[in-house]
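Worksheet: the structure to be examined is printed underneath.
Numbers here are sequence positions counted from 1. Every value quoted in this text rests on a predicted model; they were computed, and no experiment measured them.
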Amino acid sequence: SYKNVQISLFPNTLSFPSFQVQMSSFSVRFLTPPSISRPKHTWKLSAATPSLAPLSTQLDASRLDPRVEEKDGYWVLKEEYRGGINPQEKIKIQKEPMKLFMEGGIDDLANMSLEDIESSKLTKDDIDVRLKWLGLFHRRKHHYGRFMMRLKLPNGVTTSAQTRYLASVIRKYGKDGCADVTTRQNWQIRGVVLPDVPEILKGLAEVGLTSLQSGMDNVRNPVGNPLAGIDPYEIVDTRPYTNLLSQFITANSLGNTTITNLPRKWNVCVIGSHDLFEHPHINDLAYMPAKNEEGRFGFNLLVGGFFSPKRCAEAVPLDAWVSADDVIPLCKAVLETYRDLGTRGNRQKTRMMWLIDELGIEVFRSEVEKRMPMKKLERASKEELVQKQWERRDILGVHPQKQQGLSYVGLHIPVGRIQADEMDELARISDEYGSGELRLTVEQNIIIPNVANSKLDALLKEPLLKQKFSPEPSILMKTLVACTGNQFCGQAIIETKARALKVTEEVERQVAVARPVRMHWTGCPNTCGQVQVADIGFMGCMTRDENGKVVEGADIFLGGRIGSDSHLGEVYKKGVPCKDLVPVVADILVEYFGAVQRNREEVDD
């Protein structure tokens, strides 16, 4: 029961639609968003619809029996389903990860020496696996004893006070401390040591942040429109929905143990823009704005989108529509279906789409439906509100808001990496020129909203914007994305962030492009850098150079698209040594993206 949970939805914001929250029934009411039209553009995106997952045949009725049960406040895998499970499931069974948070286990762990922790498999698994339920990732391979901490930041909205606090945390770790903007509108901070964790968690709570349930088999940060509430062309303000989702997922940062034992990680987004800044096709659940036959506002649903080393799949329609009131009940029903029925063997085959494929979309839908409060789901609406004819906008630079006299300023954060002093400066700038708010984007950039037009000139002259975080970066830099790489991540095969910047700089010296080309880098097949949605993607690998020497390399992907005609890119060329990437990328830009070679005088300049 969540009857007594208080939910703070909108810290430090301007104005919002009125709403009522009834957490006892997971119901929320919003005003219908106003209709906003925009002149059509001269080119058209194809309205390609992903094919439905096939219908399952001859499904045994016992297959729909729940595989988990509640014991002592936690959900555990039943004894009869424990054969052939993966090692991570065994670790969860041996000791409930959420006890580190719910029952104060983190305090005991923080008081132990690393030597003592390493002496027991149980505590070793605590720091390497179970602490991920608290958003803590041990960097055993490259930075033994140090942790990355992943925050929850629904819709990418954060405050100057939160930013200053995070800066204060990483500053004490010197060269080991830094922060990254992630591809889920989120902060990750680095350099954390275990004895500091209890105090850090308290500090996060004091500024309204949490890292709870942000790793492993949990729901990740809810993504929304980075321009929510300020966009003149938005369909709906996504902040109420992403905040409610985040509060439900973590039980208002107290821990929601009903959904912390999923078969695998799970992503959710709410669409509020025609631009589809939120990337619905790569989420496990995407809410797509639509009106039903009675003209009531709500959402059609996409399910099952995901990336993994062995398979990448676009989300498919659930053929269902829910009202704004049922955003949380629907999310709960989908999560419980996945929790109850998902397989827990090969980790490469445990994402939700594998369950959808096994059951068939109609059976999966029926299982979601019977977990809804009224045991019913409407079929999808035909009146979708996302315009298919829409040119995706560039949100870097200065743009007018829907609020008269105010603008937002999009800043380029090179490959998402930020140091403590830079975070403090961003906080100061957001206070001095805006409303003390920052917005993170899935492209690893930052938006300062609510800037009075009279202050724009002074803002643009700030040294930080002139020297590092430019609102007008070069055309290839502005859409460059890179994962952490092997500087910090033990799974990454190659270094990504510095290399992405260097390769892009060198390519820009060789060719000139007339339009943005989205280039994404990922250090390994886990594809945190989302190379499959990029125009050009680089996935780290080991390969051989012309002399047969083993060197760092990249598989090159081509053809990813985002927007209403979304499409996942495919491998163009495998195993290119990193030292040979510049001429290869330059040739790709000329052949496929209309780039032209610069003459020697331009290169020298």
Side-chain angles (χ1 to χ4, degrees), residues 1-2 5 7 23 26 66-78 81-82 85-107 109 122 125-138 147 149-154 184 186 197 201 204-205 209-222 242 244-268 283-285 306 328-344 347 350-352 355 371:
S1 172
Y2 294 86
V5 174
I7 300 177
M23 286 303 285
F26 297 101
R67 300 183 171 201
V68 296
E69 60 186 349
E70 185 179 7
K71 282 188 176 181
D72 302 321
Y74 301 99
W75 287 79
V76 298
L77 191 62
K78 294 177 180 178
Y81 295 108
R82 294 183 181 182
I85 59 175
N86 59 62
Q88 289 83 353
E89 291 294 334
K90 294 176 182 178
I91 288 173
K92 289 190 283 185
I93 290 170
Q94 186 180 23
K95 178 182 175 182
E96 168 57 49
M98 285 295 287
K99 288 185 177 181
L100 289 170
F101 180 80
M102 308 292 288
E103 300 178 20
I106 182 60
D107 297 320
L109 201 60
L122 189 68
D125 286 342
D126 280 345
I127 67 167
D128 287 344
V129 181
R130 297 185 190 95
L131 276 182
K132 293 177 182 179
W133 270 255
L134 277 68
L136 287 158
F137 295 71
H138 186 205
F147 293 78
M149 176 178 272
R150 179 183 294 151
L151 283 304
K152 278 276 172 67
L153 205 69
R184 291 202 66 79
N186 209 0
V197 168
L201 292 175
L204 291 175
L209 289 174
T210 186
S211 62
L212 188 61
Q213 297 171 229
S214 60
M216 279 297 284
D217 303 338
N218 285 284
V219 181
R220 303 305 169 85
N221 194 50
T242 53
L244 275 175
L245 284 165
S246 193
Q247 297 295 348
F248 158 66
I249 289 160
T250 66
N252 203 25
S253 302
L254 299 176
N256 184 352
T257 57
T258 66
I259 53 170
T260 55
N261 188 8
L262 302 176
R264 205 65 168 77
K265 67 179 181 179
W266 194 87
N267 295 319
V268 61
N283 279 263
D284 292 278
L285 174 61
F306 80 106
I328 300 304
L330 183 281
C331 179
K332 180 175 181 288
V334 174
L335 282 169
E336 289 180 353
T337 300
Y338 180 41
R339 178 200 68 191
D340 293 350
L341 303 179
T343 59
R344 297 169 185 257
R347 290 281 283 185
T350 55
R351 290 295 297 269
M352 194 173 76
L355 176 63
R371 289 168 172 82

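Rounded to the nearest 0.5 angstrom, Arg347 CZ and Gln88 CD are separated by 4.5 Å. Rounding to the nearest 0.5 Å places CG of Asn221 at 6.5 Å from OG of Ser246. Interatomic distance, Cys331 SG to Ile259 CD1, rounded to the nearest 0.5 Å: 6.5 Å.
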* Check the pair Asp125 / Lys90 against salt bridge (charged side-chain N to carboxylate O under 4.0 Å, His left out), numbers first and verdict last. => CA-CA 11 Å; Asp125 286 342; Lys90 294 176 182 178; over 6 Å; no

* Criterion side-chain contact (heavy atoms from CB on, under 4.5 Å) on Val76 and Glu69, from CA distance to verdict -> CA-CA 6 Å; Val76 298; Glu69 60 186 349; 4.1 Å; yes

* To do: Please report the C-alpha distance between Leu204 and Met149 in whole Å, then the side-chain angles of each, then the deciding distance to 0.1 Å, and finally whether the side-chain contact (heavy atoms from CB on, under 4.5 Å) criterion is met.
  => CA-CA 11 Å; Leu204 291 175; Met149 176 178 272; 3.8 Å; yes

* To do: Mind running side-chain contact (heavy atoms from CB on, under 4.5 Å) on Ile93 and Ile85 for me, showing each step along the way?
  => CA-CA 11 Å; Ile93 290 170; Ile85 59 175; 3.6 Å; yes

* Under the side-chain contact (heavy atoms from CB on, under 4.5 Å) criterion, do Phe101 and Ile106 qualify, and how do the steps go? -> CA-CA 6 Å; Phe101 180 80; Ile106 182 60; 5.8 Å; no

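In this structure a side-chain-to-backbone donor-acceptor pair under 3.5 Å is missing from Asn267 to Arg220.
Partner Arg344 forms a side chain to side chain contact (heavy atoms under 4.5 Å, CB included) with one of Asp217, Leu77, Leu262 and no other, that one being Leu77. Applying side chain to side chain contact (heavy atoms under 4.5 Å, CB included) to Lys152 and the options Leu209, Leu212, Ile249 leaves one that passes, Ile249. Thr260 pairs with exactly one of Met102, Lys92, Gln213 by the side chain to side chain contact (heavy atoms under 4.5 Å, CB included) rule, that one being Gln213.
Counting heavy atoms from C-beta outward, Phe306 and Arg264 have side chains that stay 4.5 Å or more apart. Residues Leu335 and Trp266 form a side-chain contact, since some pair of their non-hydrogen atoms from C-beta on lies under 4.5 Å apart. Side-chain contact between Met98 and Asn261 is absent, with no heavy atoms from C-beta onward closer than 4.5 Å. The shortest side-chain heavy-atom distance between Asp340 and Arg67 does not fall under the 4.5 Å cut-off. With contacts defined as side-chain heavy-atom distances shorter than 4.5 Å, the pair Leu245/Val219 does not qualify. Counting only heavy atoms from C-beta outward, the side chains of Pro222 and Phe248 never approach each other to under 4.5 Å. You'll find the side chain of Leu201 reaches within 4.5 Å of the side chain of Ser211, heavy atoms only. Using a 4.5 Å heavy-atom cutoff, the side chains of Arg130 and Lys99 are not in contact.
Every residue meeting the salt bridge (charged side-chain N to carboxylate O under 4.0 Å, His left out) condition with Lys95, not counting sequence neighbours, appears here in chain and number order: Asp126. By the side chain to side chain contact (heavy atoms under 4.5 Å, CB included) test, Thr337 pairs with Leu341, Phe364, Glu367, Val368, Arg371, sequence neighbours left out. Scored by the salt bridge (charged side-chain N to carboxylate O under 4.0 Å, His left out) test, Arg351 finds Asp284 as partners (sequence neighbours excluded). Every ring pair (Phe, Tyr, Trp, His ring centres under 6.0 Å) that Phe147 has, sequence neighbours left out, goes to His138. For the side-chain hydrogen bond (donor to acceptor under 3.5 Å, both in side chains) test, no residue two or more places apart in sequence or in another chain qualifies with Asn186. In this structure, Arg184 has no salt bridge (charged side-chain N to carboxylate O under 4.0 Å, His left out) partners at least two apart in sequence or on a different chain.
Looking at every heavy atom in both residues, Gly342 comes nearest to Pro263 through CA-CG, 3.8 Å. Contact between Tyr74 and Glu96 at its shortest, heavy atoms only, is CD2-CG, 3.4 Å. Of all the heavy atoms in Asn256 and Thr258, the pair that sits closest is OD1-OG1, 2.6 Å. Of all heavy-atom pairs spanning Phe137 and Ser214, the tightest one is CZ-O, 4.4 Å.
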